[in-house]
Amino acid sequence: MVAQQQRSDATREKLLSAFRASFLERGFEQTTVQSVLTLTGLSKGALYHHFRSKSEIIEALYEHESRSAIAEVVTQPATGRSPLARLKSVYLQWTQVVRDPDIARILFEIGPAAIGEQKARNIEDAASRQSIKRLLGKAIESGEIAPPDPNLLISLLNALVAEAALHQLHTGEDAHASLELAIDGIFAAMQP
């Protein structure tokens, strides 16, 4: 039973990896299920065991990229930093992770175009909101910040860093300094 699950997981990963490569090379519209199946040597049955459509594949890939990007920065050690400094660091580091051209194309171009801006935003929020809420809760508990509405603050910060990442993608300019100043200003305005 365990071996069967491992094979199933490996097949799913192989499909996601092959579709990711094709989406990045050809784009969503030009990627065909048949071309990816031919490349991987997998059957339609194997594909449809995991995914019902190409749209479901890009949605799964988008969610995976989103969760991986936030996990990469949230799991780094927080040694010696206050909860608020840790929260700021997570946001700043995330914008660095998504500078990777392939990650940026999936998160900011291919994914939203294929699944829609609202669904992409919902997936991104779901991927990051729990971790961010936990970090913000620690900063509130420590008395560093007292936002009137923590959920709204998270939404505003998520939108801010997404815009900074888009700016980086489209201009090639590093948005780190501007983003850091904006986050500092927001946090300063919400100090108790």
Side-chain angles (χ1 to χ4, degrees), residues 20 23-24 27-28 58-192:
R20 182 183 195 271
F23 291 150
L24 289 168
F28 180 77
I58 188 63
E59 189 173 329
L61 181 60
Y62 185 89
E63 183 173 351
H64 172 76
E65 293 287 340
S66 181
R67 289 190 185 284
S68 295
I70 195 69
E72 185 173 330
V73 296
V74 170
T75 57
Q76 292 182 6
T79 55
R81 289 187 273 184
S82 74
L84 195 60
R86 175 81 174 114
L87 178 61
K88 176 181 156 184
S89 174
V90 163
Y91 276 123
L92 293 172
Q93 289 173 21
W94 180 85
T95 60
Q96 296 307 311
V97 169
V98 299
R99 281 189 76 131
D100 176 280
D102 291 346
I103 294 171
R105 284 200 57 222
I106 295 291
L107 291 180
F108 300 118
E109 293 176 356
I110 298 168
I115 64 176
E117 293 286 335
Q118 187 60 49
K119 189 171 223 173
R121 191 174 303 119
N122 291 344
I123 291 170
E124 186 68 34
D125 277 351
S128 66
R129 189 166 289 274
Q130 183 178 1
S131 298
I132 297 300
K133 193 171 190 172
R134 187 175 58 252
L135 291 170
L136 179 59
K138 289 179 182 178
I140 292 168
E141 287 172 17
S142 72
E144 292 181 90
I145 190 169
D149 184 343
N151 288 321
L152 178 58
L153 176 58
I154 291 170
S155 295
L156 291 171
L157 289 168
N158 283 356
L160 179 65
V161 297
E163 286 302 318
L166 281 170
H167 177 78
Q168 288 180 164
L169 175 65
H170 295 301
T171 66
E173 297 172 6
D174 187 347
H176 185 93
S178 294
L179 180 59
E180 186 170 14
L181 284 172
I183 291 172
D184 285 343
I186 291 170
F187 287 168
M190 296 191 183
Q191 287 181 347

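Worth knowing before you read on, the calculation uses all heavy atoms, side chains too, and leaves out hydrogens, waters and symmetry mates.
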Measure across [X] and [Y] and return the closest heavy-atom pair with its distance rounded to 0.1 Å.
X	Y	answer
Ala127	Ser66	CB-OG, 3.3 Å
Ile106	Pro112	O-CD, 3.7 Å
Tyr62	Glu124	OH-OE1, 3.8 Å
Pro150	Ile140	CG-CD1, 3.9 Å

Out of the candidates Val73, Leu160, Asn158, only one should pair with Tyr91 under the side chain to side chain contact (heavy atoms under 4.5 Å, CB included) rule; please name it.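 Answer after filtering Val73, Leu160, Asn158: Asn158.
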
### Message
Checking side chain to side chain contact (heavy atoms under 4.5 Å, CB included) between Arg67 and each of His64, Glu65, Glu63, which is the one that passes?
### Response
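Running side chain to side chain contact (heavy atoms under 4.5 Å, CB included) over His64, Glu65, Glu63 with Arg67 returns exactly one hit, Glu63.
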
Find the distance between [atom1] ([X]) and [atom2] ([Y]) and round it off to the nearest 0.5 Å.
X	Y	atom1	atom2	result
Glu109	His170	CD	NE2	6.0 Å
Arg20	Ile58	CZ	CD1	10.0 Å
Ile132	Asn151	CD1	CG	12.5 Å
Arg134	Leu87	CZ	CG	11.5 Å
Leu136	Arg86	CG	CZ	14.0 Å

Could you pull out all residues at least two apart from [X] that satisfy side chain to side chain donor-acceptor pair (under 3.5 Å)?
X	result
Lys138	none
Glu163	none
Ser89	Arg81, Gln93
Ser68	none

Exercise. Under 3.5 Å, is there a donor-acceptor pair between the side chain of Gln168 and the main chain of Thr95?
Worked result: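 Yes, Gln168 side chain to Thr95 backbone: donor-acceptor pair under 3.5 Å.
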
So do [Y] and [X] actually touch side chain to side chain, heavy atoms under 4.5 Å?
X	Y	value
Ile154	Asp125	no
Ile115	Ile123	yes
Asp174	Gln96	yes

* To do: Before giving the answer on side-chain contact (heavy atoms from CB on, under 4.5 Å), spell out for Ile145 and Leu153 the whole-Å C-alpha distance, their side-chain angles and the decisive distance to 0.1 Å.
  => CA-CA 11 Å; Ile145 190 169; Leu153 176 58; 4.0 Å; yes

Query - Set of residues satisfying salt bridge (Lys or Arg N to Asp or Glu O under 4.0 Å) with respect to Arg121, sequence neighbours excluded - result: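 Arg121: no salt bridge (Lys or Arg N to Asp or Glu O under 4.0 Å) contacts found.
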
Sequence neighbours left out, cut at 3.5 Å: what donor-acceptor pairs do the side chains of residues 176-192 make with other protein atoms?
unit_1	atom_1	unit_2	atom_2	d
Glu180	OE2	Lys88	NZ	3.0
Asp184	OD1	Lys88	NZ	2.8
Asp184	OD2	Lys88	NZ	3.2

Check the orientation of Phe108 and Trp94. Use parallel for under 30°, tilted for 30 to 60°, and perpendicular for over 60°.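 Phe108 and Trp94: perpendicular rings.
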
